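Just so you know, these numbers come straight off a predicted model, no measurement behind them.
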Amino acid sequence: MTSSPPIPVATWLVSGFLGAGKTTFILDQLQRKGAGIAVLVNEFGELGIDGALIREKGGIDVVEMPGGCICCSQKDGVAESIRLIASQLKPKLLLVEPSGIAETSELIGLLAAPALAEVIRLDAAITVVDAETFLEYSEPELFGTFFLDQILHADLVLVNKTDLVDADQLSAVERRIAEIAPGAMLQRTAFCRMEGEPPKGSRLPAVAERSPLPPMECVSVSPGAELTEPELERFLEWLSRGGFGRVLRGKGFLPVLGQGCLNLQVVSGRSMLTPILTEASPRLTLIGYDLDGAALRAFFGRSA
Amino acid sequence: MESLAVPADSQNSLERVLCYLQGVNPQRIACFPLILNHAAKVLGVPVGTCIRDAELLGKAHVAAYRRYGNDLITFLSTTSTLAEAMGQKMDFLEHDAPQLAEPLIKELDDIKRVRLPDCARDGRLPVYLQATEYAVAEVGSEVCVSTLLAGPFTTAAALRGADVFVRDLYKNKEWVHELLELCCQAGIDFIDQILARKSLPIIVEPIGSGSLVSPRTFREFVGPYLKRMSDHIHAKGGGLPAVLHICGKTKPNWGPMREAEWDIWSLDGVDMAEAREFAGDRVCLVGNVTPANLLKNSPEEIDAEARIVCAKGMGSPRGFILGSGCEVPINAPGENLDALINAARKYGRFDR
């Protein structure tokens with residue numbers, strides 16, 4: 001007689017930058033759901049549990065991920081930890097909390113990989129953002145691609161700390177998230193208390209069937225000569241038609257003949273140009289998918 | 001089955017690598033799998049013991065070279081080694097690389113706790129250096145020996161905790177520069193000790209990947225310190241190239257990386273054909289078979305992947321070296337490393 005295959009463990013990936021509220025979220029879930037939850041954390045520190053590889057605290061098992069580096073070679077250790085949790089702890093739910101600088105797409109690639117298909121079932125990728133700091137942190141070129149990647153690949157974005165911002169700022173945060181990830185499901189939270197359960201891959205196809213998105217890219221150029229008006233129009237038209245790729249965000253200073261440098265902001269495919277009063281060095285940065293850096297550099301006639 | 005017979009080598013590793021420095025084609029391309037903690041497995045000792053014992057560490061890397069015939073010996077157990085020598089505590093594991101314990105710098109004022117290391121005494125720097133001496137004496141006449149250290153940015157992130165450090169880049173710019181200054185000086189001191197032992201210093205800067213820092217941030221916080229290191233190697237290295245490894249997704253930062261003037265780039269999660277186009281005649285490229293595949297794939301699959309990488313990298317004007325994108329996993333089967341190096345023999349030939 002053969003034994004039936006083990007049922008894959010329901011798993012939530014909980015991403016978010018430092019201070020957004022990931023740990024608060026996990027502690028809240030632990031309190032609500034009680035025993036049978038396992039947590040795979042990047043480090044014990046924030047949960048207040050010390051040392052050792054596996055600890056049990058009030059029926060909650062916490063396993064530390066090896067490393068904590070973003071480096072590729074650490075992934076094997078994560079998969080190994082997950083297998084250990086599934087086989088030895090057999091939890092009803094596994095919460096995975098990576099480092100605050102981890103790319104959600106990388107983790108989804110790992111958790112939804114065929115090698116773990118019989119071990120876990122990734123039900124939701126949840127990203128927690130801090131409504132207080134989100135607008136400044138999501139500016140192009142402030143951080144690397146990880147910050148926007150966490151938004152872009154989430155099934156559910158928890159806009160946390162709503163009690164600390166006014167209605168205008170909250171709306172601006174939600175608009176910005178919608179620009180980055182059109183169609184992303186949002187929920188406002190205070191103290192990261194999520195209402196109900198997260199959707200199971202409702203924004204994208206079922207997690208197991210997801211095809212990986214291409215990697216998000218960032219391209220910068222330093223425009224050389226001043227653009228004439230027709231050249232500027234041609235550039236904006238080419239940009240809006242996707243000639244340089246699928247641009248999510250863009251920002252820079254374009255030198256325009258007779259007008260000095262103009263401040264360019266690209267949001268959701270719309271370009272806005274405004275004069276600037278101070279001196280600025282010509283520069284342009286685009287963030288998005290399938291960006292054609294060579295075409296961009298060719299347009300401006302010099303490399304970055 | 002692998003698709004071609006494996007031709008014999010007519011050069012030894014050192015002769016092969018010297019061809020790159022002389023600007024001539026070797027018989028076939030070199031192969032640099034980043035064998036780090038995996039070397040302990042070749043010697044049959046626990047990683048945690050091996051990396052704290054100079055004699056074992058030296059013997060492990062010489063044993064790995066003799067087993068595989070890799071064209072570069074690479075001494076490194078973790079990118080936090082320099083931080084460790086500067087006061088950062090580590091947790092040592094029996095069968096894995098050491099991990100960072102609590103960050104040394106919890107508050108900004110804790111920067112006072114960071115010390116410039118004495119390479120003869122602090123942390124495991126003496127272990128690295130003595131192991132290097134052993135390997136140079138043992139096999140230095142036939143293979144290039146290198147000793148790796150983290151760049152200033154990665155060392156600073158280890159001392160502070162990477163998450164907090166990334167936020168510091170925005171919140172505490174001047175303080176970050178103060179810390180980077182210390183890390184840069186520590187690195188340059190260690191480079192001098194490596195050069196004194198006739199080993200090649202290689203800088204690894206994984207926290208400078210495009211996932212974590214934008215080109216603007218790279219130019220402000222990563223590039224200037226890397227430039228000082230490459231300048232130092234060029235000035236003091238007696239003609240040795242400046243070699244930089246950044247794993248992960250580096251493409252967004254290739255522009256500022258080029259400004260830091262490194263001769264050889266070891267790359268990971270990028271398209272080697274795009275890298276070749278960007279590198280032009282300024283940079284020699286190393287890479288980039290997927291490290292995790294060396295653990296889980298078959299030798300045939302490694303051969304197929306390496307063949308594609310070679311097709312993309314070959315013809316790079318300053319040269320191409322086949323390698324792993326990042327550390328060879330500790331438990332990677334030896335047959336997969338054989339397949340990788342054999343791929344260099346099969347698909348990277350210049351003698352026909």
Side-chain angles (χ1 to χ4, degrees), chain A residues 16-19 42-46 50-53 64-77 79-80 99-103 105-106 110 113 115 133 136-137 139-147 149 215-222 251 283 285 287 291 293-294 297 303-304, chain B residues 34 36-37 78-80 91 93 96-97 99-100 102-103 154 157-158 161-167 169-170 204 206-219 247-249 251-256 258 268-269 274 277-278 290-292 295-296 324-332:
Chain A
F17 188 47
L18 189 72
N42 181 55
E43 56 186 31
F44 285 122
E46 292 178 18
D50 296 325
L53 189 62
E64 188 175 29
M65 278 187 212
C69 174
I70 52 133
C71 175
C72 47
S73 61
Q74 301 291 340
K75 286 181 193 167
D76 306 319
E80 212 167 289
S99 148
I101 50 178
E103 290 190 334
S105 58
E106 289 283 321
L110 174 75
T133 57
E136 52 180 327
Y137 284 0
E139 281 297 308
E141 285 226 74
L142 186 67
F143 297 126
T145 50
F146 80 90
F147 191 82
D149 185 281
M216 190 154 51
E217 296 176 278
C218 174
V219 173
S220 294
V221 294
S222 303
K251 186 179 182 181
R283 182 146 194 85
T285 299
I287 294 177
L291 297 183
R297 284 188 284 275
S303 61
Chain B
L34 278 174
L36 309 181
N37 298 292
T78 162
T79 55
S80 309
D91 291 330
L93 311 173
D96 204 345
Q99 310 294 341
L100 290 163
E102 269 197 317
T154 298
D163 296 41
V164 185
F165 183 66
V166 167
R167 191 177 60 184
L169 301 175
Y170 175 60
V204 294
I207 304 293
S209 90
S211 303
L212 294 184
V213 296
S214 66
R216 187 181 74 189
T217 305
F218 196 104
R219 279 195 172 89
C247 42
K249 300 168 187 167
K251 187 182 165 189
N253 291 333
W254 284 350
R258 189 166 59 187
D268 183 15
E274 283 185 315
E277 189 184 334
F278 186 89
T290 310
L295 177 69
K296 67 184 186 196
S324 52
C326 193
E327 178 180 4
V328 170
I330 293 170
N331 295 314

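For the side-chain contact (heavy atoms from CB on, under 4.5 Å) test, residues two or more places apart in sequence or in another chain that qualify with A:Ser105 are A:Glu103, A:Asp149, A:His153, B:Lys249. For A:Glu139, the salt bridge (charged side-chain N to carboxylate O under 4.0 Å, His left out) partners two or more places apart in sequence, or in a different chain, are A:Arg176, A:Arg249, A:Lys251.
With values rounded to the nearest 0.5 angstrom, A:Phe143 atom CZ is found 8.5 Å from B:Thr217 atom OG1. Interatomic distance, CG of A:Leu291 versus NZ of B:Lys251, reported as 7.5 Å (0.5 Å rounding).
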Practice prompt. Before giving the answer on side chain to side chain contact (heavy atoms under 4.5 Å, CB included), spell out for B:Tyr170 and A:Leu142 the whole-Å C-alpha distance, their side-chain angles and the decisive distance to 0.1 Å.
Written response: CA-CA 7 Å; B:Tyr170 175 60; A:Leu142 186 67; 3.1 Å; yes
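Summarising the geometry of A:Glu141 relative to B:Ser214, their closest heavy-atom pair is O-OG, 2.6 Å, with the distance given to 0.1 Å. When all heavy atoms of B:Val166 and A:Ile101 are compared, the pair lying nearest together is CG2-CG2, 4.0 Å. Nearest heavy-atom pair, A:Tyr137 versus B:Arg167, reported as atom, atom and distance to 0.1 Å: OH-CD, 3.3 Å.
The main-chain N or O of A:Gly100 is found under 3.5 Å from a side-chain atom of B:Asp163 such that the two form a donor-acceptor pair.
Both the backbone and the side chain of B:Val164 come within less than 4.5 Å of a heavy atom in chain A.
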